[in-house]
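Input: a single structure, listed below in structure tokens.
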Amino acid sequence: MMKQCPKCNSDEIISQLSVRGGEGHPSYVSVIEPDPEKKPFVWIPKSEQSHFRADVCGACGYTEFYAENYKALNEGRKKGFRSQ
């Protein structure tokens, strides 16, 4: 996590802020299992998703975002899941 701002070198970092999104739902990213070649009549793809936390520099506003569920996203990527 950002302990010192890479832009201005300030140590005035506001850490672990929740990132909120539109329509009352926090922003998130997701990866989803691709459709199989022979898709069954009833098929629900598996997916992984993650919300974000942010660190913000109190001196210049520089912001870094961190995925909370990054390990599951990476495991999904290894299985061939893709961004929706």
Side-chain angles (χ1 to χ4, degrees):
M1 299 285 175
M2 180 169 61
K3 303 220 190 247
Q4 186 176 33
C5 178
K7 185 175 177 186
C8 74
N9 295 319
S10 171
D11 62 357
E12 296 182 31
I13 307 301
I14 308 156
S15 296
Q16 296 295 309
L17 298 170
S18 295
V19 177
R20 302 287 177 213
E23 298 182 26
H25 301 287
S27 298
Y28 69 94
V29 293
S30 66
V31 291
I32 189 165
E33 181 179 25
D35 289 347
E37 282 187 34
K38 295 182 179 180
K39 188 174 170 180
F41 181 71
V42 176
W43 184 72
I44 300 172
K46 297 175 185 162
S47 67
E48 297 291 348
Q49 60 180 266
S50 180
H51 295 286
F52 295 101
R53 295 272 177 202
D55 287 357
V56 178
C57 175
C60 74
Y62 179 84
T63 304
E64 290 183 349
F65 292 95
Y66 296 90
E68 293 179 339
N69 197 20
Y70 62 91
K71 290 180 182 177
L73 288 171
N74 196 36
E75 287 303 313
R77 179 195 60 84
K78 289 177 183 178
K79 294 176 185 174
F81 292 18
R82 302 189 189 281
S83 181
Q84 324 193 107

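The figures here come from the full heavy-atom set of this structure, side chains too, leaving out hydrogens, waters and symmetry mates.
In this structure, the separation between CD on Gln4 and CD1 on Ile13 is 8.0 Å, given to the nearest 0.5 Å. The line from CG of Leu17 to CG of Asp55 is 7.0 Å long, rounded to the nearest 0.5 Å. The OH atom of Tyr66 sits 13.5 Å away from atom OG of Ser50, with the distance rounded to the nearest 0.5 Å. The OG atom of Ser30 sits 11.0 Å away from the CZ atom of Phe81 when rounded to the nearest 0.5 Å. Atoms CD1 and NZ, on Ile32 and Lys46 in that order, are 12.0 Å from each other to the nearest 0.5 Å.
Between the side chains of Tyr70 and Glu68, no donor-acceptor pair of N or O atoms lies under 3.5 Å.
Looking at Ser15 and Arg53, their side chains never come closer than 4.5 Å, going by heavy atoms from C-beta outward. Two residues are said to be in side-chain contact when any heavy atoms from C-beta on lie closer than 4.5 Å; Asn69 and His51 fail this criterion. Between Cys57 and Cys8, the closest side-chain pair of non-hydrogen atoms falls below 4.5 Å.
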Note to self: Run the side-chain contact (heavy atoms from CB on, under 4.5 Å) test on Trp43 and Glu33 for me, step by step, so that the C-alpha distance in whole Å, both residues' side-chain angles and the decisive distance to 0.1 Å come before the verdict.
What the structure shows: CA-CA 11 Å; Trp43 184 72; Glu33 181 179 25; 3.7 Å; yes
Margin query: Would Val19 and Phe65 count as a side-chain contact (heavy atoms from CB on, under 4.5 Å) here? Give the steps.
Written below: CA-CA 9 Å; Val19 177; Phe65 292 95; 3.7 Å; yes
Next item on the list: Kindly indicate, with the supporting measurements, whether the criterion side-chain contact (heavy atoms from CB on, under 4.5 Å) is fulfilled by Ser83 and Val29.
Entry: CA-CA 8 Å; Ser83 181; Val29 293; over 6 Å; no
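The hydrophobic clustering, which links ILVMFWY residues whose side-chain heavy atoms are closer than 4.5 Å, places Val31 and Phe52 together.
Nearest heavy-atom pair, Thr63 versus Ala54, reported as atom, atom and distance to 0.1 Å: CG2-CB, 4.0 Å.
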